[in-house]
Structure formats: C-alpha cells, structure tokens
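So the structure is just underneath, and the comments pick up after that.
Owing to the predicted nature of the structure, the values given are computational and were not obtained by experimental measurement.
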Number of protein chains: 2
Amino acid sequence: MKEGPDIAQIGALIGDPARANMLAALTGGKALTATELAAVGGITLQTASAHLAKLEAGGLLLPRKQGRHRYFTLADETVARLIESMMGFAASRGHLRHQPGPKEPALRKARICYDHLAGDYGVRMLDSLVAKGAIDAVGDGLALTAKGEETFQCIGINVADLKASRRPLCRSCLDWSERRAHLAGSLGKALLASFFDKGWARRTAGSRSVIFSPEGERQFLALFPVETLVAA
Amino acid sequence: MKEGPDIAQIGALIGDPARANMLAALTGGKALTATELAAVGGITLQTASAHLAKLEAGGLLLPRKQGRHRYFTLADETVARLIESMMGFAASRGHLRHQPGPKEPALRKARICYDHLAGDYGVRMLDSLVAKGAIDAVGDGLALTAKGEETFQCIGINVADLKASRRPLCRSCLDWSERRAHLAGSLGKALLASFFDKGWARRTAGSRSVIFSPEGERQFLALFPVETLVAA
DNA sequence: TCCATACTTCGACCGTAGCCGAAGCATCTC
DNA sequence: GAGATGCTTCGGCTACGGTCGAAGTATGGA
C-alpha cells in the first residue's frame, strides 16, 4: 500500500513545535542565524543546531555561511508556500496559538509572507487592483492586464524586468488571517519592495508584521482605494 | 515569537508514517473502514483506532457510521489539496518511498486525486483541453471558455448544474508525478465520473490507480489528442 | 598569541507517543 | 438468545526523538 512520495518525513519535520516556530519565523523572508532561531524556538543552541541540521537535510532550509555566523533561509519559494498553506489550513481548523497576544492585530493587518505583502492590507491591495482592472482574476488564478502593465509602470515598477525572470509574475496566495487571496509572485514582491523603498512601511525586528508610517498608510490607501460596496 | 496559526499540530498529525499512509490511501476518494485503514497503515486495529481518533480530532477525517462499520473520508477537499501539495513537495525533494515497485508505473499513468484524474493522463487531458481552447490557462489559474462550455455539453456534462454548486468549476492541481498541473474542481470531478460511467475506466481495489480498458483508452486518447509539438 | 563569540558534536537523560494483548461495547446474523 | 464481526478502551511495554551540559572546532578581533 506504499504509494507515491513520502509525506510523513516532511510532516514530521514540520511537526515539532520548535522546528515549526523556526520555519514560521523564516517565512518573514529574512535570513536568521542559528542563535536567533534557537531563541524563536525557545531552545538552547545545541538543540537548535540539531534541528537545523535536520531541516537542512530535509531540503527545507538553505544555510549560508558568513564569517562565524550561519544564516538560514527557506530553501525555496515552494517551501514558503507550503508553510503558508499549512497555516491557512491550521487556521481554518481552529488550530491557533495559545496566546492571541497584543502583536496579533498588527500581524493581521499587514505582514510579510516570504517576500510579499499579506494580511488585511495585502488582500485589500489585490481587491483594489482587480476592481480597477489592473489584474484579472479568472478562475482561481491571476493575470496581469495590459492596463495593469501601464499602471505599474507609472508606480515605478519595471514589468519588463519581471517578465524576464522565470518566476511567475502573478500568483494568488491564500491568506490565513483573511481567508482570501492576496498577490504573490514577482509582482507582489516588487510591490512590497517599492513600499519599503518609498519609506511607506518598514519591517519590524522580531516579527513578520509590517508597520506603515502615517504618511505611508495615507498614500497606500489612496493608491489602493477600498471598494465601498453597499452590502445587499 | 509565537505568531499565527499552529502548523506543528497538523505537521505532527501527518508526520507519523502510519497516519500518513492512511491519509494517502484516503486521497483515493473512497471511504474506508477502520480495519482497511489499519491494513494500509501496517498496524493492528487497536493502534489504528487511536490514530483515527487523533486525525478526527484534528479535523482531517470525517467518520460516518454505517451499521457496525465506521467509514472514514477526508474531511474536505482542502485536506486532499494539502496532502497532494505535500506529496508534490516531497517528490520534488526526493523524499520517495523505499520500493518503487511494480504498481508505480500504473500510478504514474493514471490515478485518482480525491475525485478527479491525475497522473500522465490527467495532465494530458488538461493540455489537450487548453490546446483546443476549451479551457483558458491564464496566469496560474484555469477558466472555462464559452467554447469549452459547448464542448462539455456535447460530451454529456451539464455545466449549468456544476455552476450552481458553490465549489469552483476549474482548479489547477499540481501533479506530483508529472510536476505539472492537471484539472481539479467540479469539472474535473464530472469528467472522471463520466469516464467511469461510460465504462472507459475503473478504479482498482487497494490502490489509487485508475485502469483504462483498451477501448476506453482509445476513446480517451481520441477525445483528448496529444499535441504533436515539434520541440525547437 | 590569546580570548571571545558562533556553532557543532558527544553523551546521557527523560518523556512522550506508538505499539500490542486482552478485555469491553456495539451491531448484525442466525 | 448465542455467536460472529467491527471497533474502542485499558494497561503496560518499548523505543525513538527531543533536551541539555560539557567539551570540541571554527572564525574574528585585540
């Protein structure tokens, strides 16, 4: 009855709380050292080292040596997508963390999902782009329209450059807090990067949440207006 | 550092080999009894009972009592998608099962993925549908075209009925053996069901693989011709 | 050269989770 | 009712995996 690939291995890999915490932290997109990851996992450095070796052997993590530090990142965008999809699933089944805590609202509002914007603001941005016809939501997929290409060119995003890369331009990524799609792919990445560049927002130290400046928030909301639908 | 939903729980749930085998077996779409699942897990009935209780509590399985049997199915299409995506990931990292075995080729050729067709034939079917303009592959999503609606009507699939359901019509589902997309969603389900109805194919007893009859295979290949592309 | 920092390896400990035998319910058949 | 079948619960065994202290290896800086 042993059919197909072995999901138990990666399941077990993700199934340890310490490792899961590390992976979740790395979904923030930043490379972290073994010491930092030990802290997020709530374990000592020795234990973390063993965990990281396993994650690396399993192909989930990519180490990069820099001086006497070892920085770890998720191996791939596919790893990030797997983690996010598991988060979405966990959220839908009510497998939540123990303490909702004060940081939770900030996280729900805007956070980094590997390299693009997620949370309420991420979902709102995609909604707005679809509403103004910059992106086509067809079936369960997303596609850039000709009009959208113009729009992004105006914001200062070079779509031609993005198209040159092998990575898909648009991808829909299910948001675990909003339970709706937000924009991933190279376009999603470029948009978030531009918000950072313009000083509209910044990432926080030990968390995945993204903090908008008052001015940045004003600009963001103006650029991606909310649909004022009158609910039936 | 505890942010977001708890992925460790479901990770651990899937991370046990016996449970993983049970889940993989249930991806075949059929409801299975506790005894049958104990067999696929390679464990005794008592142990299986404990595992099944955990999976049920975790929201992965749905039990249905029928006489003195208890049938289990995956709780949801989302569970099936999670399992399939983990299989895809595992395959991409080379986490394969120990013995490739003689059943492997049949599985790669055509198998059930929850309720639709997967494997070489599943991928080929979608390719053919896209090539003939019945389905639009835009971005990473799929959408039924007007022409496609006609086509399916001719094959005897009532698209209007499918549209009435809340479930999306078309969905792309990544195939772990082919590493490319095949057609899921209610349309994918209806197509597979029609193959069974017409007697073109049948499911096998203890496996996910789908066996085509010689005549069925002929009809299937005629209906979904292969693109004879001359590779550049 | 010497020490501090970052990390790994070793060895031992311990708890949990998986496992099965045996017994206990429930349901169907005769 | 009696007996068979399907499944769950209980109790006890075992082993694997996570944990840390201590010692060992690299790298950087003074």
Can you tell me which nucleotide in [options] comes closest to the side chain of [X]?
X: A/Thr44; options: C/dC19, C/dT8, D/dG21; answer: D/dG21
X: A/Arg19; options: C/dA17, C/dT8, D/dG18; answer: D/dG18
X: A/His51; options: C/dT8, D/dT19, D/dG28; answer: D/dT19

Please tell me if [X] has a side-chain N or O lying less than 4.0 Å from either OP1 or OP2 of [N].
X: B/Thr35; N: D/dG6; value: no
X: B/Arg70; N: C/dT27; value: no
X: A/Thr47; N: D/dC20; value: yes

Carboxylate-amine/guanidinium contact B/Arg218 B/Glu215, below 4.0 Å: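 Counted as a salt bridge, because a side-chain N and a carboxylate O are separated by less than 4.0 Å.
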Aromatic ring pairing A/Phe212/A/Tyr121, orientation class (parallel under 30°, perpendicular over 60°, tilted between):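 Answer is tilted, since the angle falls between 30° and 60°.
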Of A/Gly42 and A/Arg68, the one whose closest DNA chain D nucleotide lies more 5':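 The residue mapped nearer the 5' terminus is A/Gly42.
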First of A/Lys65 and A/Ala12 reached from the 5' end of DNA chain D, by closest nucleotide: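 Between the two, 5'-proximity favours A/Ala12.
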Can you tell me how far [atom2] of [N] sits from [atom1] of [X], to the nearest Å?
X: B/Asp16; N: D/dC16; atom1: CG; atom2: P; result: 14 Å
X: B/His69; N: D/dT8; atom1: NE2; atom2: C1'; result: 16 Å
X: B/Gln46; N: C/dG24; atom1: CD; atom2: C1'; result: 13 Å
X: B/Leu45; N: D/dT5; atom1: CG; atom2: P; result: 14 Å
X: A/Glu36; N: C/dA6; atom1: CD; atom2: C1'; result: 12 Å
X: B/Gln66; N: D/dT5; atom1: CD; atom2: P; result: 20 Å
X: A/Ile14; N: D/dG17; atom1: CD1; atom2: P; result: 17 Å
X: B/Leu52; N: C/dG18; atom1: CG; atom2: C1'; result: 14 Å

side-chain hydrogen bond (donor to acceptor under 3.5 Å, both in side chains), paired with B/Ser177, selected from B/Lys109, B/His182, B/Arg111: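 Going through B/Lys109, B/His182, B/Arg111 one by one, the side-chain hydrogen bond (donor to acceptor under 3.5 Å, both in side chains) with B/Ser177 is satisfied by B/Arg111 alone.
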Donor-acceptor contact below 3.5 Å, side chain B/Arg19 vs main chain B/Leu13: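 A pair under 3.5 Å: yes.
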Closest non-hydrogen atom pair, A/Ser207 against A/Leu107: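 Smallest heavy-atom distance, with atoms named: OG-CD1, 3.8 Å.
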